[in-house]
Amino acid sequence: MRWLVTGAEGQLGRCLVSQLQAGSEDVLAGAFSRGSLDVSDKGQVQHLRETVLGEVDIVVNAAAVTAVDRCETESAQAFAVNAEGPAFLGEACRDTGTRMIHVSTDYVFDGNASRPYSEEHPRSPRSVYGRSKAEGEVRLLELMPEALVVRTSWLFGPGRNFVVSIREQAEKRQRGEVSGTLRVVDDQHGTPTYAGDLADGLRQLGRQLGGGEKLKGDRVVSENRPPAGLMHLCNSGQASWFSFAREILDQSGFSQVGIEPSETADLNLPAPRPSYSVLDCARAESLGIRLRSWQAALAAYLGTEWGEAPLGGRS
Ligand SMILES: NC(=O)c1ccc[n+]([C@@H]2O[C@H](COP(=O)([O-])OP(=O)(O)OC[C@H]3O[C@@H](n4cnc5c(N)ncnc54)[C@H](OP(=O)(O)O)[C@@H]3O)[C@@H](O)[C@H]2O)c1
């Protein structure tokens, strides 16, 4: 299958690109970062459709504005990229018979649930980011019902993320540059997910969408109906940010660094966060796709060039 990735320099985009470059079954037909394709620019997406999409089997949209707090004050940009972007791409994919996977988020839910959210649960976003992503899902699926929208949560991968930030803070404390214990919120629960594992799952889903054949209208050339609509895909298990941080310290050789739980309200952040956003991944599991535990995924990430321990001392 010939794949095209947008947002190619983000955490997920980089994992997808490196896996597609290394794989033998898949071909990377295009990797577009923001500089080469602005998904919120309809003209640029139309140009892509006219020049490239004819030679592509599947597009994965990993482009997004993900700075949750900044979205509160820059909502026009959040909606342009997170809501209009997937709609522009969906229209181009539909018109060229190209399959599409779009990536979305647990922040489309308000967090009031006490058991994992299924795909059928109504959207109820609380932040601008969540609303922009929810609108992107709706607009894409209205235009292209055969598209697959994969929601994930708490991503870590190449680039800046929670794991990097906890390790930097621990290192500063170990070096004596900063004093005091680390304080991390213990009242938000979700599932940390390694972008490399998500990329692997998306490649498996992409193959199930159909091996190298163009879509013919909404009729799909396959005996089994390929997955379409909403799907949840995360590593297994759940954590609070505090328990995630504790595991990061333990796996990175910083077990002696002091850490204590705190509350979200103490942080006074601009954007509200769901207090519980664990996603039920049973639908993906029914297709044979189950990602390993988040703890095992963290260990794998720390073993890559992206997550190497700065002090080299892992427990
Ligand atoms: N990160 C998480 O914790 C998390 C959790 C749940 C779901 N998700 C979803 O997972 C997907 C991948 O997330 P991620 O963590 O890989 O995000 P990321 O690291 O922030 O990467 C997103 C990429 O999109 C690019 N981008 C921004 N505006 C763009 C535009 N107008 N056109 C094209 N590209 C643009 C960004 O470029 P610049 O950096 O240059 O702006 C960045 O390289 C997103 O859909 C996100 O909503 C993420």
Side-chain angles (χ1 to χ4, degrees), residues 4-19 30-45 47-48 59-71 74 76-89 100-109 111 117 125 127-137 140 147-165 188 190-199 201-202 230-235 239 241 244 271 273-274 277-279 281 291 294 297 301 306:
L4 185 146
V5 179
T6 65
E9 283 179 8
Q11 298 193 87
L12 174 61
R14 285 173 65 184
C15 289
L16 271 167
V17 166
S18 84
Q19 290 180 17
F32 290 84
S33 62
R34 182 157 65 113
S36 48
L37 176 70
D38 177 347
V39 298
S40 68
D41 183 327
K42 193 169 188 177
Q44 289 190 28
V45 177
H47 181 70
L48 180 87
V59 168
V60 182
N61 182 31
V65 170
T66 57
V68 176
D69 289 318
R70 206 177 321 137
C71 286
E74 297 176 12
Q77 179 67 1
F79 276 87
V81 179
N82 296 344
E84 291 191 354
F88 293 156
L89 286 166
M100 180 168 166
I101 297 179
H102 170 63
V103 183
S104 193
T105 172
D106 53 334
Y107 279 32
V108 299
F109 297 120
Y117 283 98
S127 59
V128 170
Y129 169 71
R131 285 199 290 279
S132 67
K133 294 291 293 185
E135 188 176 315
E137 295 182 352
L140 171 61
L148 185 61
V149 173
V150 177
R151 292 187 186 131
T152 191
S153 61
W154 295 24
L155 279 189
F156 57 94
R160 284 214 64 83
N161 57 58
F162 183 76
V163 181
V164 171
S165 140
Q188 290 173 42
T191 304
T193 299
Y194 173 34
D197 287 358
L198 176 63
L202 295 183
L230 297 169
M231 183 166 305
H232 293 169
L233 190 59
C234 305
N235 280 121
W241 290 111
F244 186 20
R273 268 81 170 158
S277 61
V278 178
L279 302 179
C281 298
L291 305 187
W294 65 263
Y301 167 72
W306 303 314

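Read the numbers this way: they start at 1 and go in the same order the structure lists the ligands and their atoms. Quick note: residue numbers are just sequence positions, from 1.
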Enquirer: Given that the side chain starts at C-beta and the backbone is N, CA, C, O, which of these parts of Leu12 lies under 4.0 Å from ligand 1, counting heavy atoms, or is it both or neither?
Expert: both
Enquirer: Would you check the N or O atoms of Gly13, main chain and side chain alike, for any that come under 3.5 Å of an N or O of ligand 1?
Expert: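 No - when backbone and side-chain N and O of Gly13 are compared with those of ligand 1, no distance drops under 3.5 Å.
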Enquirer: Who's the nearest protein heavy-atom neighbour of atom 17 (O) of ligand 1, and how far?
Expert: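 That would be Thr66 CG2, 3.4 Å.
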Enquirer: Of all the non-hydrogen atoms in the protein, which one sits nearest to atom 34 (N) of ligand 1, and at what distance?
Expert: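 For atom 34 (N) of ligand 1, the nearest protein heavy atom comes out as Ala63 CB, 3.3 Å.
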Enquirer: Check ligand 1 against Leu37 and write out every atom of the ligand that is under 4.0 Å from a heavy-atom position of the residue.
Expert: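 With Leu37 as reference, the close atoms of ligand 1 come out as 32 (N), 33 (C).
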Enquirer: Are Thr152 and Leu233 packed together at the side-chain level, in the sense that at least one heavy-atom pair is separated by less than 4.5 angstrom?
Expert: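 The answer is no, as the side chains (C-beta and beyond) never meet within the 4.5 Å cut-off.
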Enquirer: List ligand 1 atoms under 4.0 Å from Trp154, heavy atoms only on the residue side.
Expert: 3 (O), 5 (C)
Enquirer: Nearest to atom 11 (C) of ligand 1, what protein heavy atom do you find, and at what distance?
Expert: Val103 CG1, 3.6 Å
Enquirer: Quick one: are Phe32 and Leu4 in side-chain contact, heavy atoms under 4.5 Å?
Expert: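 Side-chain contact under 4.5 Å: yes.
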Enquirer: Using only heavy-atom distances, determine whether the side chains of Asp106 and Ser153 contain a donor-acceptor pair under 3.5 Å.
Expert: no
Enquirer: Checking Lys133 side chain against Val103 main chain: does a donor-acceptor pair fall under 3.5 Å?
Expert: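 Pair found, side chain donor or acceptor close to backbone of Val103.
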Enquirer: Going by heavy-atom distance to atom 7 (C) of ligand 1, choose the closest among Ser104, Ala62, Ser153, Cys15.
Expert: Ser104
Enquirer: Which option wins on minimum heavy-atom distance to atom 1 (N) of ligand 1: Leu155, Val68, Thr193?
Expert: Leu155
Enquirer: Do Phe109 and Arg151 have side chains that get closer than 4.5 Å, going by heavy atoms?
Expert: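 Touching, per the 4.5 Å side-chain cut-off.
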Enquirer: Nearest protein heavy atom to atom 19 (O) of ligand 1, by residue and atom, and its distance?
Expert: Gln11 N, 3.0 Å
Enquirer: Taking all atoms of both residues into account, what is the closest heavy-atom pair of Phe88 and Val45, and its distance?
Expert: O-CG1, 3.6 Å
Enquirer: Under the 3.5 angstrom rule, does the side chain of Asp69 hit a backbone N or O of Ala67 as a donor-acceptor pair?
Expert: no
Enquirer: With heavy atoms of Asp38 as the reference, note each atom of ligand 1 found under 4.0 Å away.
Expert: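 Ligand 1 atoms under the 4.0 Å threshold to Asp38: 30 (C), 31 (N), 32 (N).
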Enquirer: Check whether any side-chain heavy atom of Tyr117 lies under 4.5 Å from a side-chain heavy atom of Val108, and answer yes or no.
Expert: no
Enquirer: Using heavy-atom distances only, which candidate in Ala64, Ser40, Ser36 approaches atom 44 (C) of ligand 1 most closely?
Expert: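 Residue with the shortest heavy-atom distance to the ligand atom: Ala64.
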Enquirer: Looking only at protein heavy atoms, identify the closest one to atom 21 (O) of ligand 1 and say how far it is in Å.
Expert: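 Here the closest protein heavy atom is Gly10 CA, 3.2 Å.
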Enquirer: Please state which protein non-hydrogen atom is closest to atom 6 (C) of ligand 1 and give its distance, to 0.1 Å?
Expert: Thr152 O, 3.2 Å
Enquirer: Is the number of heavy atoms from other residues, nucleotides or ligands within 6.0 Å of CD (Gln44) greater than 12?
Expert: yes
Enquirer: Which residue and atom name correspond to the protein heavy atom nearest atom 38 (P) of ligand 1, and how close is it?
Expert: Arg34 NE, 3.5 Å
Enquirer: Calculate, to the nearest 0.5 Å, the distance between atoms CG and CG belonging to Leu202 and Leu148 respectively.
Expert: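 The CG atom of Leu202 sits 8.0 Å away from the CG atom of Leu148.
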Enquirer: Answer side chain, backbone, both or neither: which part of Lys133 comes under 4.0 Å from ligand 1, heavy atoms only.
Expert: side chain
Enquirer: Going from NE2 on His102 to CD on Glu137, what distance comes out if it is rounded to the nearest 0.5 angstrom?
Expert: 6.5 Å
Enquirer: Does Tyr107 approach ligand 1 within less than 4.0 angstrom via side chain, backbone, both or neither, non-hydrogen atoms only?
Expert: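 Contact part for Tyr107 vs ligand 1: neither.
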Enquirer: Within ligand 1, which atoms have a heavy atom of Glu9 less than 4.0 Å away?
Expert: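 Every atom of ligand 1 under 4.0 Å from some heavy atom of Glu9: 43 (O).
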Enquirer: Using only heavy-atom distances, determine whether the side chains of Thr6 and Asn61 contain a donor-acceptor pair under 3.5 Å.
Expert: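 Side chains of Thr6 and Asn61: pair found under 3.5 Å.
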Enquirer: What protein heavy atom sits nearest atom 47 (O) of ligand 1, and how far off is it?
Expert: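 It is Tyr129 OH, 2.7 Å.
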Enquirer: Answer with side chain, backbone, both or neither: which part of Phe162 has a heavy atom less than 4.0 angstrom from an atom of ligand 1?
Expert: neither
